[in-house]
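Labels below follow one simple rule: chain letters A, B, ... track the order of the sequence lines, proteins then strands, and each chain is numbered from 1. None of the values given here were measured: they were computed from a predicted structure. These values consider heavy atoms only, across backbone and side chains, with no hydrogens, waters or symmetry-generated copies.
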Amino acid sequence: MTVRTRFAPSPTGFLHIGGARTALFSWAYARKYGGSFILRIEDTDVARSTPEAVQAILDGMNWLGLNWDEGPFYQMQRMERYKEVIQKLLDEGKAYYCYCSKEELDAMREQQMTQGIKPRYDGRWRPEPVKVLTAKPEGIPPVVRFKNPQSGAVAWDDLVKGHISISNEELDDLIIARADGTPTYNFCVVVDDWDMGITQVIRGDDHVNNTPRQINMLNALGANVPQYAHLSMILGDDGQKLSKRHGAVSVMQYDDDGYLPEAVLNYLARLGWSHGDDEIFSMEQFCQWFDLDHITSSAAQFNTDKLNWLNAHYIKQADNAYLLKNVSQRLAAQGIENLTEPALTGVVELYRERANTLNELASGVMYFYRKPAVDALAVEKHITSEILPVIKALAGQLAEIEWTTEAIHAAIEHAVTSNGLKFPKVAMPLRVMITGGTHSPSIDAVMALLGRDETLSRIKAYIQ
RNA sequence: GUCCCCAUCGUCUAGAGGCCUAGGACACCUCCCUUUCACGGAGGCGACCGGGGUUCGAAUCCCCGUGGGGACGCCA
């Protein structure tokens, strides 16, 4: 059977890291088997769904390059179909109307909780052969409930977690249509997975408890039951659950923060999945290697340090044109726009090996285009009255020489040896004068790129 | 409370009964490289939650604890 997987987010917020990993795994599974990856927007919660959130999810998917083969399908556009299936279940006696009020249900739940049992609908409106139902109350629009089997167990072999079995006695007759007639989540999922011919449902393990209900409905409809793979959740850097209040951010935030999609993808792939000792791999390799057998069933904690390491790797690998475009955009956002002098390409080349993120790269490079902020402590420590005459003499030389890294290096070297000093004794004050701080690539290379005029101008600011 | 799931270095993980004196990666520490900081290179520190079984042999299988997480909506 051709593999058909899907990603089915509800558009109530951005695409976060957990959703992105679910999408990635579903996508990779379809790619590996030459199947189809379907995007479905579960927007039946009209109150919380927004078009902005739909767009945010699409943006996130696109940024990561998780392309879908079909969709996006919107559940709100499939209402007729859901209603048709609900009617079918009603007609076949597999679903029924329930006239309980919310207050009645709340009371039921509360009472069961105090009794220490699992809160369940007690089936008071469920028709049975010899049962006599109370009279329908006037003016209360009913909900529709699915007639869940009352005995036996639902079991499936979860592709991640193994065999799972849940007794039907744990389940109750869930509502499949609200009083206003709109279908509910669990029901829409069932109809969609059925209609769309989904073969593997790969989703977060917060859905494990929905699975037996969905299987029961699928069976009642005579539909094929797909295989299920429930992924464990991703915890924050601090080991805490990610939530809108705590730590959950949009994948697009990683873009803002200067991460490459390749790095995020590679990181996410390794979070909960492994292929021996492999740490760094392309999406092509991932799609070949990916399988559901090597997914961990326990929750994984996010680790920014490791993401940074991967990101640094991909920055080193990135082609120059890409970095240039990206870094100049980031600099432009800081108001630094005319990047002709010195050429950004050389500057980026000098810095790409030292940055964990594109933002670090952009900010590291900034002093080439703008007078640097000066670290007063560094000035005090390195620009001493003994060294100033040496620097002054050196500056005179620098005005004369050919402006290359080698020649500049030779000039500094000369200043060092002729004064009986160590190299850093001269290099450090130069670094502070030119870059404003004590950390930079080789100062001769920096000077060569910065240009003679600007270099001398920055030095002269200290030797008046 | 009830049900379900999970449990190897600080973190991500390898591990399908003997290959495990438990491997790799990030982080951390040391050293090397060096013009500072990075990069890079070489080392180091560091884990099978506890208790019972099963077995000649268990990180791996079973049971019981313990700890963590999830689910119990006319949300998805």
Hey, is the side chain of [X] pairing donor to acceptor with the base of [N] inside 3.5 Å?
| X | N | result |
| --- | --- | --- |
| A/Glu279 | B/rG24 | yes |
| A/Asp277 | B/rG23 | yes |
| A/Arg270 | B/rU13 | no |

To the nearest Å, give me how far apart [atom1] ([X]) and [atom2] ([N]) are.
| X | N | atom1 | atom2 | answer |
| --- | --- | --- | --- | --- |
| A/Leu235 | B/rC6 | CG | C1' | 11 Å |
| A/Ile443 | B/rU34 | CD1 | C1' | 15 Å |
| A/Asp293 | B/rG15 | CG | P | 10 Å |
| A/His275 | B/rA25 | NE2 | P | 17 Å |
| A/Leu307 | B/rA27 | CG | P | 12 Å |
| A/Asp305 | B/rU11 | CG | P | 13 Å |
| A/Asp206 | B/rA76 | CG | P | 14 Å |
| A/Glu170 | B/rA71 | CD | P | 16 Å |

Are any of [X]'s side-chain N or O atoms less than 4.0 Å away from OP1 or OP2 of [N]?
| X | N | value |
| --- | --- | --- |
| A/Ser440 | B/rU36 | no |
| A/Thr184 | B/rA76 | no |
| A/His294 | B/rG15 | yes |
| A/Lys306 | B/rA27 | no |

Base, sugar-phosphate, or nothing for [X], non-hydrogen atoms under 4.0 angstrom?
| X | result |
| --- | --- |
| A/Pro441 | base |
| A/Ser297 | sugar-phosphate |
| A/Val143 | base |
| A/Asn210 | base |
| A/His207 | base |
| A/Arg120 | nothing |
| A/Thr12 | nothing |
| A/Lys161 | sugar-phosphate |
| A/Pro424 | sugar-phosphate |
| A/Lys241 | sugar-phosphate |
| A/His382 | nothing |

A/Asn186 side chain, from C-beta outward: closest of B/rU11, B/rA76, B/rC74 | B/rA76
Check step by step if salt bridge (charged side-chain N to carboxylate O under 4.0 Å, His left out) holds for A/Glu279 and A/Lys306.
-> CA-CA 10 Å; A/Glu279 295 286 350; A/Lys306 192 154 183 178; 3.1 Å; yes
Could you give the distance separating B/rA22 and B/rU30 at their P atoms, to the nearest angstrom?
-> 25 Å
Presence of salt bridge, A/Lys371 and A/Glu454, under 4.0 angstrom = yes
Once you round to the nearest 0.5 Å, how far does OG1 of A/Thr455 lie from CD1 of A/Ile459?
-> 6.5 Å
